[in-house]
Engineer: 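What follows is a structure written as structure tokens; I'll ask about it next.
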Amino acid sequence: MGFMDRQKEDWMNQLLLHFQFGKFIIVLVFMVVGLQVFHMTLLMKLETTAKGAGPSSSNHLRRQGDTNSDLKEIQRLAKTVMDKIADVHVSDISGMYHIIRNILCPKQIGKFGQGKHSENVTIVTQTSANHLENLVLLSRKWNGPISVSVFTHKDDAEFAVKSILYLRTCYPSIANKVSFHLVFPIDSTPSIDLINNLSKLSCSEPFGKTIQRQQKANYDSEIEYPHNLLRNIALKSATTTYIFMIDIDMVPSENLTVEFMRLIERRRTNQDFDIDKTAFIVPSFESKDWSIPRDKIKLLNAWESRNVRPFYYETCWKCQKPTEYDRWKKLFKTEIMDIGYNVEWKDPWEPFYIASANTPLYDERFKQYGFNRISQVCELHVAGYEFAVLNNAFLVHKGFKVTGNFHKSKDKEQEKNRMLFRKFKNQLKTRYPNSPRRC
Ligand SMILES: *[C@@H]1O[C@H](CO)[C@@H](O)[C@H](O)[C@H]1NC(C)=O
Ligand SMILES: *[C@@H]1O[C@H](CO)[C@@H](O)[C@H](O)[C@H]1NC(C)=O
Ligand SMILES: *[C@@H]1O[C@H](CO)[C@@H](O)[C@H](O)[C@H]1NC(C)=O
């Protein structure tokens, strides 16, 4: 090797060293930037969750336990679930659906008591598997039991069961409050070996990463969606004196349970009204960016700035208008929850309300789109219920409902249900022969 060569080699080594040092600096810079971005996303996530935002932002509420014990719990629950599916023998009155009530019960079941004697309000709701994740926010915001019917069928059962197992294991608020009921068509029973690969379920992974999401809407399947059957099952399974039927993508105002029970306590001694024949209306709204105002004052501000508006404002105003939102707006927020005013029932009003658990059931013939809640409210009216609007309480739907977002068979289904509704109203006359009320 010549002198020149050696010099060249030294120079090359220096260059290499220099280069490596440069690389080191670059890596360092990337790491710092990376950490910053990570930090910022984390902060943003925390912030959106604090505002009560979307499903993917609910991660930090998840249990951060150890993976082994999570898996053991998931396997234990999976066995319960699969045994119950294998042993299913109860069907609905039409003989078309299998029903498994309380396929999983909340851990705190003792707290809510058995039977209908526990003085509390249960949220009753229903969903297909792809909206189950809404339970994360709902269970955090609602301080009382939640009874949810989940509709599934053969093709979707693996997703449904895995979602239930994951949510129930990984979120303490769900484990403590939610009872799950499973419903599926008799000719579409889930196969019992559908959950072979449970080891992939882990609370340290976000929902969407552990479980393959499905993006289909409730109505898009070939199989008809039986809203009212699902609602009745959730309702009959509630173990408290009062129930609050809502959609799973809605969130009630803070402290509603406690304040409502205080109102009942105060009013119980009043002779002038019959609690068991009162529907306590909770005015419902929709929120543009999914943020959920904590109290009425914050809600009114959001309404003022057009981030919140009355529910169905665009899609079916006459379905909500009888709540008299302007009147509600003018009621000053008081310290205690009370009845703001009473309203008359008007067709086709479909408010959300809290009522005694003995409320008339939903007519299970209504499936798919249209008249499924309207018909039940119409029955309340004929059965002699009064409609009392609560002064401070409200309910917020996550996202604006806009026209043009409906599935393609909506009009056909609505027409079919309109005919059924006519029949239903005639049958009410026979069922309540002494009622002076009609709808
Ligand atoms: C309803 O149940 C919840 C959850 O157990 C409890 O914290 C709350 O105090 C109960 N409400 C009333 C009014 O008993
Ligand atoms: C279970 O997971 C393994 C590895 O991830 C995969 O190869 C296998 O096909 C899965 N089995 C089923 C039944 O999904
Ligand atoms: C709910 O109740 C808690 C405890 O009493 C209270 O600190 C909080 O301010 C209440 N929230 C609202 C929105 O009134």
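Computed from a predicted model, the values in this text were never measured in an experiment. Counting starts at 1 for both ligands and their atoms, in listed order.
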Engineer: Give yes or no for whether the N/O distance cutoff of 3.5 Å, strictly under, is met between Asn143 and ligand 1.
Structural biologist: yes

Engineer: Using the six-membered ring of Trp142, assess whether NZ or CZ of Lys177 lies under 6.0 Å from its centre and within 45 degrees of the ring axis.
Structural biologist: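 Verdict for Trp142: no cation-pi partner in Lys177.
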
Engineer: Measure across Phe421 and Ser375 and return the closest heavy-atom pair with its distance rounded to 0.1 Å.
Structural biologist: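 Taking every non-hydrogen atom into account, CE1-CA, 3.6 Å.
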
Engineer: State whether any protein heavy atom lies less than 4.0 Å from atom 5 (O) of ligand 3.
Structural biologist: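 Within 4.0 Å: no protein heavy atom nearby.
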
Engineer: Assess, by modelled atom type and distance only, whether the side chains of Tyr225 and Gln126 contain a donor and an acceptor separated by less than 3.5 Å.
Structural biologist: yes

Engineer: Do any nitrogen or oxygen atoms of Glu254 lie less than 3.5 angstrom from nitrogen or oxygen atoms of ligand 3?
Structural biologist: yes

Engineer: Taking atom types as modelled and ignoring hydrogens, do the side chains of Lys298 and Asn301 form a donor-acceptor contact shorter than 3.5 angstrom?
Structural biologist: no

Engineer: Which option wins on minimum heavy-atom distance to atom 11 (N) of ligand 3: Leu256, Asn255, Asp295, Val258?
Structural biologist: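 Looking at heavy atoms only, the winner is Asn255.
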
Engineer: Would you call Lys200 and Glu158 a salt bridge, taking side-chain N to carboxylate O under 4.0 Å as the test?
Structural biologist: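 No, no charged N to carboxylate O under 4.0 Å.
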
Engineer: Which atoms of ligand 1 are found less than 4.0 Å from any heavy atom of Glu119?
Structural biologist: 12 (C), 14 (O)

Engineer: Where the side chain of Tyr325 meets the backbone of Ser284, is there a donor-acceptor pair that is under 3.5 Å apart?
Structural biologist: yes

Engineer: Show me which atoms of ligand 1 lie under 4.0 Å from any heavy atom of Met261.
Structural biologist: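 With Met261 as reference, the close atoms of ligand 1 come out as 13 (C).
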
Engineer: Look at atom 9 (O) of ligand 3 and say whether a protein heavy atom is found at less than 4.0 angstrom from it.
Structural biologist: yes

Engineer: Evaluate Glu259 for polar contact with ligand 3, using N/O atom pairs at a separation under 3.5 Å.
Structural biologist: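 No, there is no polar N/O contact under 3.5 Å.
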
